[in-house]
> 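Below is a structure I'd like to ask you about.
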Amino acid sequence: VQLQASGGGLVQAGGSLRLSCAASGRTFSDYSVAWFRQAPGRERALVAVVSWSGGATYYAPSMKGRFTISRDNAKNTVSLQMNDLKPEDTATYYCAASRGYHSGSSGPGVSSLYDYWGQGTQVTVSS
């Protein structure tokens with residue numbers, strides 16, 4: 001499956017952005033989809049993951065509350081709504097897909113569970 005992330009940009013602290021991940025190539029509903037982010041000099045970290053149907057979601061503990069992940073299998077898209085953004089949210093955001101649904105996995109190495117990756121979209125939050 002091919003993934004294309006979009007929607008990043010420059011926003012002031014307290015603002016909102018909605019990222020989108022568009023999929024093509026294979027049956028989209030066969031894959032769970034996650035959002036990761038990576039800031040300069042830091043490891044890639046899980047933000048959230050949504051199950052194949054969208055009926056289940058998991059958020060990394062530090063991300064819960066301001067971010068909402070959702071999917072529309074009819075449109076082959078997964079979205080990440082980000083509210084009340086903070087400068088520390090500045091990072092490149094990636095979407096990734098896996099045949100498994102890896103809820104509860106947010107530690108180092110979780111990115112290895114995902115087989116397909118989009119190219120990343122930059123989010124910059126100014127103070």
Side-chain angles (χ1 to χ4, degrees):
V1 60
Q2 291 80 47
L3 303 174
Q4 180 83 22
S6 62
L10 174 64
V11 63
Q12 288 188 332
S16 298
L17 279 175
R18 187 175 182 87
L19 305 184
S20 183
C21 179
S24 62
R26 295 194 180 189
T27 304
F28 184 55
S29 58
D30 286 348
Y31 298 87
S32 69
V33 178
W35 284 97
F36 288 80
R37 71 184 187 184
Q38 187 168 21
R42 304 192 68 175
E43 290 189 1
R44 192 168 295 189
L46 177 75
V47 176
V49 58
V50 62
S51 65
W52 312 273
S53 67
T57 57
Y58 172 77
Y59 296 87
S62 61
M63 312 291 181
K64 199 169 184 178
R66 297 183 293 120
F67 295 174
T68 303
I69 190 170
S70 61
R71 70 188 293 162
D72 184 340
N73 284 345
K75 296 182 179 179
N76 285 3
T77 59
V78 171
S79 298
L80 183 70
Q81 178 68 41
M82 305 187 295
N83 298 326
D84 189 24
L85 284 163
K86 306 177 186 301
E88 52 264 40
D89 295 318
T90 294
T92 301
Y93 285 71
Y94 299 88
C95 57
S98 171
R99 286 192 175 272
Y101 175 56
H102 310 292
S103 65
S105 301
S106 61
V110 67
S111 59
S112 66
L113 299 175
Y114 292 83
D115 302 308
Y116 304 95
W117 291 83
Q119 85 289 2
T121 185
Q122 178 66 37
V123 171
T124 302
V125 184
S126 63
S127 58

> So, do Leu46 and Met63 sit near enough that their side-chain heavy atoms are less than 4.5 Å apart?
no

> Could you state whether Tyr116 and Trp35 fall into the same hydrophobic cluster, counting links through intermediate Ile, Leu, Val, Met, Phe, Trp or Tyr residues with side-chain heavy atoms under 4.5 angstrom apart?
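Each belongs to a different hydrophobic cluster.
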
> Within the 4.5 Å heavy-atom criterion, are Thr90 and Gln122 side-chain neighbours or not?
yes

> Would you check if Leu85 and Phe67 make a side-chain contact, meaning some heavy-atom pair closer than 4.5 Å?
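Sidechains of Phe67 and Leu85: in contact.
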
> Going hydrophobic residue to hydrophobic residue with side-chain gaps under 4.5 angstrom, can you get from Leu80 over to Leu17?
yes

> Taking all atoms of both residues into account, what is the closest heavy-atom pair of Pro87 and Ser127, and its distance?
CG-CB, 3.8 Å

> Measuring from atom CD of Gln119 to atom CG of Leu3, what distance do you get when rounded to the nearest 0.5 angstrom?
9.0 Å

> Does any part of the side chain of Val78, heavy atoms only, come nearer than 4.5 Å to the side chain of Phe28, both counted from C-beta?
yes

> Just wondering, do Asn73 and Trp52 contact through their side chains at under 4.5 Å, heavy atoms?
no

> Can you tell me how far the CZ atom of Arg44 sits from the CZ atom of Arg37, to the nearest 0.5 Å?
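Those atoms lie 13.5 Å apart.
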
> Taking Arg71 for the side chain and Ser51 for the main chain, is one N or O donor matched with an acceptor at less than 3.5 Å?
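Here the side-chain-to-backbone pair exists.
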
> Which heavy atom of Ala34 sits nearest a heavy atom of Phe36, and at what distance?
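Closest heavy-atom pair between Ala34 and Phe36: CB-CE1, 3.7 Å.
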
> Taking atom types as modelled, is there a side-chain donor on Ser16 or Asn83 under 3.5 Å from an acceptor on the other?
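Yes, because at least one side-chain N or O of Ser16 sits under 3.5 Å from a partner of the opposite role on Asn83.
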
> Report yes or no: is the cationic atom of Arg26 (NZ for Lys, CZ for Arg) closer than 6.0 Å to the six-membered ring centre of Tyr31, at no more than 45° off its axis?
no

> Is there a path of hydrophobic side-chain contacts, each under 4.5 Å between heavy atoms, that joins Val49 and Tyr94?
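Cluster IDs for Val49 and Tyr94 match.
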
> Do Tyr93 and Val1 land in one hydrophobic cluster if side-chain heavy atoms of ILVMFWY residues count as linked below 4.5 Å?
no

> Please tell me if the side chains of Met82 and Leu19 come closer than 4.5 Å, counting only heavy atoms from C-beta onward.
yes

> If you look at every heavy atom in Lys86 and Arg66, which pair is closest and at what distance?
CE-NE, 3.8 Å

> Closest approach of Ala48 and Tyr59, non-hydrogen atoms and distance?
CB-CD2, 3.4 Å

> Show the nearest heavy-atom pair for residues Val123 and Gly8, with the distance to one decimal.
CG2-CA, 4.0 Å

> Look up atom OG1 in Thr124 and atom CG in Leu10, then write down how far apart they are to the nearest 0.5 Å.
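It is 6.0 Å, given to the nearest 0.5 Å.
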
> Quick one: does any side-chain atom of Thr121 pair with a main-chain N or O of Ala5 as donor and acceptor, under 3.5 Å?
no

> Looking only at atom types and distance, does a side-chain atom of Ser32 sit under 3.5 Å from a main-chain N or O of Gly100, one as donor and one as acceptor?
yes

> Would you say the side chain of Tyr114 lies within less than 4.5 Å of the side chain of Val33, judging by non-hydrogen atoms?
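No; the side chains remain at least 4.5 Å from each other.
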
